[in-house]
Amino acid sequence: MKIIAETHCHTIASSHAYSTVLENAQAAKQKGLSYLAITDHGVAMPDAPHIWHFSNLKTLPAEIDGVKILKGVEANILDTGGKLDLPDSLLRKLDWVIASFHEPTFPPSTVKDHTEAYLRIAENPYVDCIGHAGDERFRFELDPVIRAFKEHHKIVEINAHSFSARRGAKENCRRIAEACKRYEVPVVLSSDAHFAYEIGFIENSVNLLKEIDFPQELILNGDEEQFQAFLAYKRREKMK
Ligand SMILES: [Zn+2]
Ligand SMILES: [Zn+2]
């Protein structure tokens, strides 16, 4: 299992991360990746960049050192209505939008509340990917949510960083990955890098998927053509 795109990384624009766009792009090149998504935190997080960071992402070149740069965000889910912390007018212009629960911007609540929020997020056409859903503090009803992700073409992230950073994440990620296999929902494997050396390091996620015999064709960032086709499809949808 190998990947062609790193779909989740932070730069010094989120102050708890320590590398620049350029350093992350160089690391992606060294790892042989074709794509790098820059996904700093949406504005509601305490360490987030100012909203101008997102409105000015067009300043970044489309490609650095042969690595295609996807201008993105890790947006914060703010309430059970699925509200995110960037306006739609900005989200629709981004190449890669991850929606995540983070404790500072959504205090962990009940399974019912998390489920409700995910069902609304599934319906949001500007969201591409669901970030680190294996977080123990944000448990949700697996089957209805994964089915909704399938229906609305959402990609589920298997976040390698979660295994060390989030308690109970491995077991939850396994259950989520099994549900994705069951309902044929594509996943991406990502590092959630906070330093350039972590770019493309997804061993934990690969091992988990191997353990459950996860189908290669459902790994969206495992195949360049498949990944490109998804981006093109979403670009069309967002412009509707
Ligand atoms: Zn996150
Ligand atoms: Zn992150």
Side-chain angles (χ1 to χ4, degrees), residues 1-21 23-28 30-31 33 35-49 53-54 67 69-77 84-86 94-106 118 121 127-138 154-174 176-177 180 186-209 219-222 227:
M1 273 181 200
K2 73 177 208 60
I3 57 165
I4 54 89
E6 170 62 81
T7 57
H8 190 156
C9 79
H10 296 277
T11 73
I12 50 172
S14 307
S15 56
H16 77 312
Y18 305 94
S19 296
T20 63
V21 171
E23 289 160 349
N24 283 354
Q26 283 161 352
Q30 277 168 16
K31 290 288 277 180
L33 301 176
Y35 288 88
L36 174 68
I38 304 293
T39 55
D40 280 300
H41 283 145
V43 297
M45 276 289 256
D47 78 327
H53 168 87
F54 300 101
V67 176
I69 304 297
L70 300 176
K71 290 128 194 202
V73 62
E74 183 180 17
N76 294 290
I77 304 169
L84 294 174
D85 61 345
L86 281 187
L94 297 179
D95 303 315
W96 189 251
V97 174
I98 304 172
S100 299
F101 281 123
H102 290 119
E103 202 219 323
T105 51
F106 190 118
Y118 270 148
I121 286 293
V127 172
D128 300 299
C129 178
I130 311 301
H132 50 70
D135 192 326
E136 175 69 17
R137 296 165 299 181
F138 294 101
K154 297 296 173 262
I155 308 300
V156 172
E157 173 186 80
I158 308 294
N159 181 308
H161 180 68
S162 283
F163 296 74
S164 53
R166 296 180 183 88
R167 196 167 46 87
K170 182 155 191 205
E171 268 323 295
N172 292 338
C173 287
R174 182 196 308 276
I176 291 167
C180 288
V187 302
V188 285
L189 311 185
S190 72
S191 74
D192 200 351
H194 291 68
F195 189 67
Y197 291 0
E198 298 165 2
I199 296 285
F201 277 87
I202 43 129
E203 281 314 297
N204 289 336
S205 306
V206 168
N207 292 339
L208 175 75
L209 294 193
I219 303 173
L220 186 76
N221 61 342
F227 189 69

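Considering only heavy atoms from C-beta on, Thr11 stays 4.5 Å or farther from Thr20 through its side chain. A heavy-atom distance below 4.5 Å is not found between the side chains of Ile38 and Leu70. Here the side chains of Asp95 and Asp128 are not in contact, with every heavy-atom distance at 4.5 Å or above. When side chains are defined from C-beta on, Tyr35 does not count as touching Val67, because their heavy atoms never get closer than 4.5 Å. Leu84 places a side-chain heavy atom less than 4.5 Å from the side chain of Ile77. A 4.5 Å side-chain heavy-atom check between Asp135 and Ser162 finds every atom pair outside the cut-off.
Residues Asn24 and Ala196 share a closest heavy-atom pair of OD1-CA, 3.4 Å. Considering all non-hydrogen atoms of both residues, His10 and Asp40 come closest at CA-OD1, 3.4 Å. Nearest approach of Val188 to Cys129, heavy atoms of both residues: CG2-SG, 3.9 Å. The two residues Pro49 and Val43 come nearest to each other via the heavy atoms O-CG1, 3.6 Å. Considering all non-hydrogen atoms of both residues, Ile3 and Ile202 come closest at CG2-CD1, 3.8 Å. Across every non-hydrogen atom of Leu220 and Phe227, the tightest pair is O-CB, 3.6 Å.
Going from atom CG of Asn204 over to atom CD1 of Ile158 covers 12.0 Å, rounded to the nearest 0.5 Å. Note that CG of Leu86 and CD of Glu74 are 11.5 Å apart. Values are rounded to the nearest 0.5 Å. In this structure, Ser14 OG and Met45 CE are separated by 8.0 Å, a value rounded to the nearest 0.5 Å. Taken to the nearest 0.5 Å, the CG atom of Leu33 stands 9.0 Å off from the CG atom of Asn221. Atom CG of residue Leu36 and atom NZ of residue Lys71 lie 11.5 Å apart, to the nearest 0.5 angstrom. One distance of note links CD1 of Ile130 with SG of Cys180; it measures 10.0 Å at 0.5 Å rounding.
Under the 6.0 Å distance and 45° angle rule, Lys31 counts as a cation-pi partner of Phe201.
Atom CZ of Phe195 has more than 12 heavy atoms from other residues, nucleotides or ligands within 6.0 Å.
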task: Could you give me the CA-CA distance, side-chain angles and deciding distance for Ile199 and Cys9, then say whether side chain to side chain contact (heavy atoms under 4.5 Å, CB included) is met?
output: CA-CA 7 Å; Ile199 296 285; Cys9 79; 3.7 Å; yes

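In this structure, Phe101 and Phe138 have parallel ring planes: the angle between them is below the 30° cut-off, well short of the 60° mark.
Side-chain contact, Asn76 with His41: no donor N or O sits under 3.5 Å from an acceptor N or O. Glu157 and His8 share a side-chain donor-acceptor pair at under 3.5 Å. Judged by distance alone, the side chains of Glu198 and His161 never bring a donor and an acceptor atom under 3.5 Å apart.
Although no hydrogens or angles enter the test, the distance criterion places no donor-acceptor pair under 3.5 Å between the side chain of Asn159 and the main chain of Ser190. Looking only at distances, a side-chain donor or acceptor of Ser191 sits under 3.5 Å from a matching main-chain atom of Ala193.
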